[in-house]
2 protein chains.
Amino acid sequence: MNIGEIARRSGVSRSTVSYALSGKRPVSEGTRRRIQAVIDELGYQPNAAARALKEGRTRTIALVIPPASQRLTDVQLGFVASIVDAAARADLDVLLSPSGGEHDRSFERVVSGRRVDGVILMEIRLDDDRVARLGQIGLPFVGIGRTARPESMSWVDIDYETLIARCVHHLADLGHRQVALVDRSAELAAAGYGPSHRAQAGFTRAAAERGLTGVRACCADDAAAGLTCVERLLAAHPGLTAIATINEAAIPGMYRALAEAGRKVPADFSIAGVSARHWAENLHPPLTAADVPADELGARAMELLLQRIADPGIPHRHLLVAPPISLRGTTGPARVRESS
Amino acid sequence: MNIGEIARRSGVSRSTVSYALSGKRPVSEGTRRRIQAVIDELGYQPNAAARALKEGRTRTIALVIPPASQRLTDVQLGFVASIVDAAARADLDVLLSPSGGEHDRSFERVVSGRRVDGVILMEIRLDDDRVARLGQIGLPFVGIGRTARPESMSWVDIDYETLIARCVHHLADLGHRQVALVDRSAELAAAGYGPSHRAQAGFTRAAAERGLTGVRACCADDAAAGLTCVERLLAAHPGLTAIATINEAAIPGMYRALAEAGRKVPADFSIAGVSARHWAENLHPPLTAADVPADELGARAMELLLQRIADPGIPHRHLLVAPPISLRGTTGPARVRESS
DNA sequence: TTGTACGCGTTATCAT
DNA sequence: ATGATAACGCGTACAA
């Protein structure tokens, strides 16, 4: 059923039905009620395609996530959940587009086909094709993450550099002298993934400030990778007593590697990281970590996007958060070691 | 840029551009190449709304998930990932609709506004309003899960009844005499959530067949709930030595409750369940469980949906899977107890 | 209140 | 065989 059908059954014209619904022109109370009765009876909803064609907007946003084949981390899932939630509250639908950094069918279809009014981009790289493409097309977008030229776009982001530096200082305060940074995957870092680079910068800086020995290791986003990564670290650096990490998905594997190496956490070995709160709390021992406020960041990203959709000309806005480290069960004083 | 712009820049008419793209009429090689060059240069994609309006299909499907506020379980995430993946392979976009069983804005907007060609429905209840509504509208859909009248719709599902019965038999074989079923939340069960009811049926039947004492407990989908649930179970039934469960999200909490009660798994206490493989493997000890093949089920659900979209008249098809139990680290012989 | 042009891609029909 | 023209789908909003 379409608006013409409603009009005929109500004995009025199509435009009257449209005005009765939108209220953009006064419609007499009697006809308005008659029209509403017919609409309720038939369960009429305007055809989204026709409306989008005429209005030039789709009431839909795209959420660009990492390719679905690779499991999303808890932090990423937190972002998806909060975006979906915020969109529902704004009566917007969400189109999921699983796209990597390369040219991607889904991404092109969505942005070039004008299927959406705006885009939220996750897992942004320092130099990101998608950001360039969206700018070229002129489609409003907001990044969860930022490129190397952050002034030229709107974004919300986690301050990994500060957070990892804080982790290192916390570990140094506890007396640890040899600390490792467990990063995310080498591919991601090589592709210019911002958090990898920024975490490394914070790690190197803080380690230098405190005169620590720091090593960095890349690690894929899963427990198995965490296990082998820590096995190798311990083999290559027997004096290592602490890890700082942004790779939450690898942590269960790290725990296992440490347990198998006979290093108790936190008595013999400390770990501090950046993670989703739920994830950190449900590990055991629960992880000492800066808890990413995904709910808030997602909601703020949506706010920024709605503003840009309403007025694409407004200046870009940014939000960089560095939540405090929640002390839980994985950091403790460095055990005094016999000198060797 | 629209098709008219492409036509003008190529020096041909709009229909020629359309035919060159669709191949539904022959177009001379020369003009075809000239048109393609212009399209590539400008990055033209047909306007999705205009195309949808004309063709009567949107090349989009809806994936109805539980309200995003509540965290999805690993099994649910597996379904989402495989659906998104399968849709991308079929060049379909995915609209996420977070809707509970009740009337939901997002759900109504998506299905009544003809925004999608088909729907995949998760977390179906035995008596589900959304199934009724989709049937009434005549929109093709496939359930991941099924109602109490499963012949009248297409679905894929996990045979929780058989799987929980198998878990009970496995535990009985190991000598356990008092076994608990840890279900999902009481609200879900009260709302007529199929897996709850079917798991309970399988549990009751198998316990009776083996002459076991069986108790059932509901538990929300998180670790904290799992902890208190098992605490209560142990307090009320000190002789309990095993749990069968479909509540994977609660398992970390169950582990903690057992550890705090001094019951070692699997030496003193056994657990068997239904879970995502990754989840079961990453717990420690790794969970003995029937591994839900979410990838396969998601892919098959998409196949069924594509068939129904292509021909809504075909008979309904169903797929009920009962994957084998993978023996891991959480089930062992019941410890012989001194009689009390 | 109503008639109607518009947005844009598709395709049947007419022309070459 | 190929290109051009126009109608169509449907909701919106201006002109009448």
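All heavy atoms count here, side chains included; hydrogens, waters and symmetry mates do not.
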Where along residues 49-59 of chain B does a heavy atom fall under 4.0 Å from DNA chain C?
->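 Of all residues in residues 49-59 of chain B, the ones placing a heavy atom under 4.0 Å from DNA chain C are B:Ala50, B:Arg51, B:Lys54.
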Euclidean distance, atom [atom1] of residue [X] to atom [atom2] of [N] [Å, nearest integer]:
| X | N | atom1 | atom2 | result |
| --- | --- | --- | --- | --- |
| A:Arg32 | C:dT1 | CZ | C1' | 16 Å |
| A:Arg8 | D:dC10 | CZ | C1' | 14 Å |
| A:Ile3 | C:dT4 | CD1 | C1' | 14 Å |
| A:Asn47 | C:dC8 | CG | P | 16 Å |
| A:Leu21 | D:dG11 | CG | P | 10 Å |

Examine distances only and state if a side-chain atom of A:Arg34 and a backbone atom of A:Ser10 form a donor-acceptor pair shorter than 3.5 Å.
->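 Yes, the answer is positive, given that a donor and an acceptor are paired below the 3.5 Å cut-off.
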Side chains of A:Val27 and A:Val12 in contact at under 4.5 Å (non-hydrogen atoms) |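 Not in contact.
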Any carboxylate oxygen within less than 4.0 angstrom of a Lys/Arg side-chain nitrogen, looking at [X] and [Y]?
| X | Y | answer |
| --- | --- | --- |
| A:Asp104 | A:Arg130 | no |
| A:Arg184 | A:Glu123 | yes |
| B:Arg71 | A:Asp74 | yes |

To the nearest 0.5 angstrom, please state how far the OG atom of B:Ser82 sits from the CE atom of B:Met302.
->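 Those atoms lie 8.0 Å apart.
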Which value, rounded to the nearest 0.5 Å, describes the distance between A:Thr147 atom OG1 and A:Trp155 atom CH2?
->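 Nearest 0.5 Å value for the OG1-CH2 distance: 9.5 Å.
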Below 3.5 Å is the cut-off: list the nitrogen or oxygen pairs between protein and nucleotides 1-5 of chain D, distance only.
from	atom 1	to	atom 2	distance (Å)
D:dG3	OP1	B:Thr31	OG1	3.4
D:dA4	OP2	B:Ser13	N	2.9
D:dA4	OP2	B:Ser13	OG	3.2
D:dA4	OP2	B:Thr16	OG1	3.3
D:dA4	N7	B:Ser15	OG	3.3
D:dT5	O4	B:Ser15	OG	3.1

Contact summary for A:Ala301 and A:Ile83, nearest pair of heavy atoms =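 So the two residues come closest at CB-CD1, 4.3 Å.
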Where the side chain of A:Asn2 is concerned, which of C:dT10, C:dG9, D:dC10 is the nearest nucleotide?
->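 Of all the options, the side chain of A:Asn2 is nearest to D:dC10.
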